[in-house]
Amino acid sequence: MDPSGYEHLSPAEAIAYQDELRQKIQIRELKTPFKTIAGADISFNLDSELLYAGIVVFKYPDMQVIATSTAMSHTSFPYISGLLAFREIPALFNAWNNLYVKPDLLVLDGQGIAHERRLGIATHFGLLTNVPTIGSAKSRLYGRYEEPADEIFAESPMYDKGELIGIALRSKLHCKPIYISPGHNINMQQSVDVIKNCIRGYRIPEPTRQAHILVNKIRVKNGEDNTKQLGLFD
DNA sequence: GCGACAG
DNA sequence: ATCTTGTCGC
């Protein structure tokens, strides 16, 4: 199904679609050595249905920016815990299609398989585009875990009924952990290793951190343009 | 019924 | 998610 049709789905239909997609998830070792990695994020104004999506591609593991892409997209699908993908993926997909150089690996702001139906936004996007993805979330959605030690890169497994679905990672001392889980076409260990290599002094790994900065920049810039177009302050 | 709840 | 001043801790 094309993401442009997501906004017309009901929550029940979205859940049914997740149950369908679930059968195709591949959590496995990423064998092809990757030379590029990208981060994707969304930004929006609270009172608007316009979403700003952005992707930043880096050389890996040098982490030098080699490409960026942005897109603006409309959605009427509300934020519902567990159904984030249906709200954000249409915009992200546009940004993805605008990208000249596709990365070997993509990090998304949200969960991978650390989700009640194993279909966090990273897993969903990986299945859609067939690109290996990793979920890096700032807070927990699903799974039980013990607080990781306050030591750099301390890890704590996240479980659901005995199944390992993610890792709580202390990416920065004295800060809350981040929640890593494979999205699609990569395994748990590789996901955590890659994210560790992308931590550069901040709690948030560079791919997602830079994507966040980018989308906020274009959102604010676009807001200024709208102000002029609407003829305010005349 | 109560608490939890990615962005 | 976004807005937004101050404040606590390393």
Side-chain angles (χ1 to χ4, degrees), chain A residues 3 6-7 11 14-15 18 21-22 39-55 70-93 95 106-126 133-145 147 149-152 154 158-161 165-184 191 195 201-205 207-209 211-224 226:
Chain A
Y6 286 0
E7 67 178 318
I15 290 173
Q18 290 184 327
L21 285 179
R22 178 174 187 170
D41 197 17
I42 289 289
S43 182
F44 59 90
N45 290 310
L46 281 174
D47 58 358
S48 167
E49 294 187 335
L50 280 182
L51 295 191
Y52 300 83
I55 298 177
T70 60
M72 209 167 83
S73 185
H74 172 273
T75 183
S76 55
F77 200 98
Y79 168 70
I80 298 173
S81 181
L83 300 180
L84 176 68
F86 295 89
R87 175 173 166 76
E88 300 196 345
I89 279 187
L92 288 175
F93 193 55
L106 178 67
V107 183
L108 290 97
D109 190 1
Q111 318 292 343
I113 62 170
H115 178 282
E116 49 199 326
R117 287 174 295 279
R118 307 296 180 268
L119 262 149
I121 190 169
T123 302
H124 192 133
F125 198 79
T133 55
I134 297 173
S136 174
K138 299 183 295 300
S139 61
R140 184 208 74 112
L141 168 66
Y142 199 70
R144 302 183 60 80
Y145 73 101
E147 202 63 25
D150 193 10
E151 297 165 10
I152 193 65
M158 302 172 72
Y159 296 105
D160 175 32
K161 301 163 191 167
I165 59 173
I167 293 285
L169 176 71
R170 188 77 62 184
S171 53
K172 181 175 170 125
L173 290 180
H174 315 313
C175 286
K176 294 173 27 169
I178 54 176
Y179 305 83
I180 309 304
S181 58
H184 183 56
S191 297
I195 294 299
Y202 296 91
R203 174 179 176 243
I204 307 301
T208 296
R209 200 177 80 84
H212 188 263
I213 291 171
L214 173 65
V215 291
N216 274 309
K217 209 173 290 179
I218 63 168
R219 176 177 57 83
V220 171
K221 186 170 189 282
N222 192 73
E224 291 171 351
N226 281 343

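Side chains are part of it too, since the values below use all heavy atoms of this structure and drop only hydrogens, waters and symmetry mates. A, B, ... follow the sequence lines: proteins, then strands. Residue 1 opens every chain.
Evaluation of the side-chain hydrogen bond (donor to acceptor under 3.5 Å, both in side chains) test over residues 211-220 of chain A, restricted to residues two or more places apart or in two chains, returns Ser43(A)-Asn216(A), Ser43(A)-Arg219(A), Asn45(A)-Arg219(A), His212(A)-Asn216(A), Asn216(A)-Arg219(A). Listed by first and then second residue, the salt bridge (Lys or Arg N to Asp or Glu O under 4.0 Å) pairs that reach into residues 111-121 of chain A are Arg118(A)-Asp160(A), Arg118(A)-Glu163(A), sequence neighbours excluded.
For DNA chain B, the neighbouring residues in residues 110-118 of chain A, judged by any heavy atom under 4.0 Å, are Gly110(A), Gln111(A), His115(A).
When side chains are defined from C-beta on, Ile195(A) counts as touching Val107(A), because their heavy atoms get closer than 4.5 Å. Residues Leu84(A) and Gln111(A) fail the side-chain proximity criterion, which asks for heavy atoms closer than 4.5 Å. Contact check for Asp109(A) versus Ile42(A): no side-chain heavy atoms found under the 4.5 Å cut-off. Side-chain contact between Tyr179(A) and Leu141(A) is absent, with no heavy-atom pair separated by less than 4.5 Å.
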Heteroatom pairs (N/O) under 3.5 angstrom, protein to nucleotides 7-10 of chain C:
residue : atom : partner   : partner atom : Å
dC10(C) : O3'  : His174(A) : NE2          : 3.2

At a cut-off of 3.5 Å, list every protein nitrogen or oxygen paired with a nitrogen or oxygen from nucleotides 2-5 of chain C, distance to 0.1 Å.
residue : atom : partner   : partner atom : Å
dT2(C)  : OP1  : Ser43(A)  : OG           : 2.7
dT2(C)  : OP1  : Asn216(A) : OD1          : 2.8
dT2(C)  : OP2  : His212(A) : NE2          : 3.4
dC3(C)  : OP1  : Arg219(A) : NH1          : 3.4

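For Arg170(A), there are no side-chain hydrogen bond (donor to acceptor under 3.5 Å, both in side chains) partners at least two apart in sequence or on another chain. When the side-chain hydrogen bond (donor to acceptor under 3.5 Å, both in side chains) test is applied to His124(A), the partners found at least two apart in sequence or on another chain are Tyr6(A). Listed by chain and number, the residues in a side-chain hydrogen bond (donor to acceptor under 3.5 Å, both in side chains) with Glu7(A) are His74(A), Ser76(A) (sequence neighbours excluded). With sequence neighbours excluded, no residue forms a side-chain hydrogen bond (donor to acceptor under 3.5 Å, both in side chains) with Arg140(A).
Between the CZ atom of Arg87(A) and the P atom of dA1(C) there is a distance of 12 Å, rounded to whole Å.
Within the nucleic acid shown, Ile121(A) comes within 4.0 Å of at least one base atom, counting heavy atoms only. Residue Leu83(A) is classed as a base contact, given a heavy-atom separation below 4.0 Å to a base. Residue-level contact check: Gly135(A) touches neither bases nor backbone, having no heavy atom under 4.0 Å from any strand.
Under a 3.5 Å cut-off, the side chain of Ser181(A) and the backbone N or O of Gly166(A) do not form any donor-acceptor pair.
In secondary-structure terms, DNA chain B builds no stem of at least 3 consecutive Watson-Crick or G-U pairs having both distances under 3.5 Å. Remark: DNA chain C forms no stem of 3 or more consecutive Watson-Crick or G-U wobble pairs with all pair distances under 3.5 Å.
Heavy atoms only, all atoms of each residue included: Ile55(A) and Leu92(A) are closest at CD1-O, 4.1 Å.
Note that the first and last nucleotides of DNA chain B, 5' to 3', having any atom under 4.0 angstrom from a heavy atom of chain A are dA4(B) to dG7(B).
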